[in-house]
Amino acid sequence: MSTTHLTATVVRLKLSLLRNGLRQSAGRRAAYLTSVIVVLLVAALQLIGLIALRCTAHVTTIAVLLTGVLALGWAVMPLFFPGGDETLDPTRLVMLPLRPQPLIRALLAASLVGIGPLFTLCLFAGSALAVAHGPAAYATAVAAVVLALLVCVALARAVAAANVRLLTSRKGRDLAVLSGLVVAVGAQLVNFGAQRLGAAGLGRLDPVGDVLRWIPPASAIGAVDSVSKGSYGTGLAQLALSAAAVAGLLALWSRSLTTLMTAPDGSTLQAAEPGPRERGSAGLSRLLPPGRTGTVMERSLRYVWRDPKTKAAWVTSLAIGLIVPVFNALQGTGSLYFACFAAGMLGIQMYNQFGQDTSAFWMVATTISSPRDAYTELRGRALALLLITVPYATLVTVVTTALLDDWPKLPEVLGLSLALLGAMLATGAWSSASFPYSIPQEGHKNVVPGQAGLAWISIFGGMISAALLASPVIAATIWLNVTAAGHERSWLLLPAGAGYGALLLLLGLRLAAPRTARRLPEILAAVSKG
């Protein structure tokens, strides 16, 4: 098959995949058409807005930064949304007699078909027109837009080809689950940056733009600006950088594609000897307590590392627990007590402990025959959580204290965090036995249909109970802050809060253990519904 015929065939294949997907249901067609209309509307508004910025002071910086952000999006999207484009997986073509170079050209042409490339093309065109002045600059803009788009598409394909084994494995599914977190954290970062820029002005970004205009594909837009100013040699060099980036990415893509389509994978290799991962696991076991407690801790830590849903919940809590106090401190509107947010977010992980095991909980249930067994199980889970939470809550408190420069309040805030954590672990153990619910293994839902009420009672009821249990430490903190001599004694809240939290946790485990052993059949039935 000639290169031209192969390219046409692959493009038709892309269109067929799109058409057949839309034929599946009317709802899917409506969603797709709606997304097309919205994307085209946003792209048109962006195009008009960029053109309207012509002759403004910082238009070049805006255009260059926008190009860099779009390129970054093209680089990471295949990692977080590997199922968004079926043609991203070249392993589907392994059995066909195709050479890498013609296949690359065909896949590159197919990559230009879709909403994403059209949206990117509009933004690149708007960026180039916003900085172009004169016939030479407009001619350069045509080449710049083409090169910038090719860099983005080739970058996405090179990243996808280099990580296709990852994207089709369990770790790839983990990335897809965590994509929502990345978007949420990114939105917070963008919001924070926008607020800072609103106060300082866009001129603060000019040094970044001066550097980025020499990095492809932003260098292509920088070339248009250079030609507009009469620096033809500089513009030619910037265009050459973008062209070299396209050639380099295509070479990298070709190399990855050749390796992918000729090298054996795990399905064609014999089972290997136990590797570093197993040896590392054995090392972790030696660091944990002996007996069932250590076994339960190791199992819980493995869930945090390996199970996509558990990992997503933990990473979300870790990120939000740090973002809320630190961002508020950086904005100058925060309080040191926001550091307690870290302990509160991680304390939520103690709720619905058995539901996190999903249908595999029956294996744990077979080992629980008495309240003593239930107590050891709950204690191991709580200790595994404390192994991460206590250092993390301490770190967040210290960082927030350093940003606010309020070191005298560090002991009382840390003591309050530890007391709140102990209260949440105590109520979480009781809630896990009293209001268990199932977590679906697939999709992004955290509660199976029909059990939302149980989830609300478990989490929010437990949080309210934890706040009431921690009220003595809260009251002591308020009293020491309003009395004249209280500031000199506020350091006592650290040992008092830690001891009170430990006492609450011990009592909570003691009370939850017999209830867990008694309600074991009901718990097993509730968590196995997903």
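When reading the values below, keep in mind they use all heavy atoms of this one structure, side chains included, and skip hydrogens, waters and symmetry mates. What you are looking at is a predicted structure, and each value in this text was computed from that prediction instead of being measured.
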Looking at Arg381 and Gln353, would you say the former's side chain and the latter's main chain have a donor-acceptor pair under 3.5 Å? yes
Test Leu520 against Phe361 for side chain to side chain contact (heavy atoms under 4.5 Å, CB included), laying out the working first. CA-CA 10 Å; Leu520 201 59; Phe361 177 68; 3.9 Å; yes
Just wondering, do Arg299 and Glu377 contact through their side chains at under 4.5 Å, heavy atoms? yes
Interatomic distance, CG@Leu410 vs CG@Leu404, rounded to 0.5 Å, equals 11.5 Å
Return the CG to CG distance between Leu416 and Leu494, rounded to the nearest 0.5 Å. 11.0 Å
Within a reach of under 6.0 Å around CH2 of Trp362, are more than 12 heavy atoms found that belong to other residues, nucleotides or ligands? no
Does the side chain of Leu378 come within less than 4.5 Å of Trp430's, by heavy atoms? no
Which distance, rounded to the nearest 0.5 Å, do you find between the OG1 of Thr60 and the CG of Leu212? 12.5 Å
With a 4.5 Å heavy-atom cut-off, do Ser370 and Asp373 have their side chains touching? yes
Which value, rounded to the nearest 0.5 Å, describes the distance between Gln356 atom CD and Ser438 atom OG? 11.5 Å
Hey, mind stepping through Arg292 and Thr367 against side chain to side chain contact (heavy atoms under 4.5 Å, CB included) and telling me if it holds? CA-CA 10 Å; Arg292 176 166 182 160; Thr367 65; 3.0 Å; yes
Give, for atom CG of Leu386 and atom CG of Leu418, the distance between the pair rounded to the nearest 0.5 Å. 9.5 Å
Assess whether side chain to side chain contact (heavy atoms under 4.5 Å, CB included) is satisfied between Leu50 and Leu66, documenting all intermediate values. CA-CA 10 Å; Leu50 287 168; Leu66 177 61; 3.8 Å; yes
Heavy-atom check, side chain of Val527 versus side chain of Asp357, under 4.5 Å: no
Determine the minimum heavy-atom distance between Trp74 and Ala156, stating which atoms define it. O-CB, 3.3 Å
For the student: nearest non-hydrogen atoms of Ala218 and Gly68, plus distance: CB-N, 4.4 Å
For a quick test of reading the model, state the closest non-hydrogen atom pair linking Ala382 to Leu505 and the distance between them. CB-CD1, 4.2 Å
Run the side chain to side chain contact (heavy atoms under 4.5 Å, CB included) check on Thr120 and Val153 step by step: do they pass? CA-CA 10 Å; Thr120 305; Val153 174; over 6 Å; no
Could you tell me whether a side-chain N or O of Thr400 sits under 3.5 Å from a main-chain N or O of Thr397, the two making a donor and an acceptor? no
Can you confirm whether Met463 sits close enough to Ile348 that some side-chain heavy atom of one is under 4.5 Å from a side-chain heavy atom of the other? yes
Glu412 vs Asn481 side-chain heavy atoms within contact, under 4.5 Å: yes
Do we see a donor-acceptor contact under 3.5 Å between the side chains of Thr516 and Tyr375? no
For residues Gly321 and Val396, report the shortest heavy-atom separation together with the two atoms involved. O-CG1, 3.8 Å
Closest non-hydrogen atoms of Ala342 and Ala393, given as atom of the first, atom of the second and distance, are CB-CA, 4.4 Å
Would you say Tyr437 and Ile459 make side-chain contact, with heavy atoms under 4.5 Å? yes
Distance (rounded to the nearest 0.5 Å) between Thr293 OG1 and Leu383 CG: 7.0 Å
Please name the pair of heavy atoms, one in Phe124 and one in Cys152, separated by the smallest distance, quoted to 0.1 Å. CZ-SG, 3.6 Å
With Ser434 as reference, evaluate Glu522, Arg519, Arg515 under the side-chain hydrogen bond (donor to acceptor under 3.5 Å, both in side chains) test and give the passing residue. Arg515
Asn352 and Ser431, any side-chain heavy atoms less than 4.5 Å apart: no
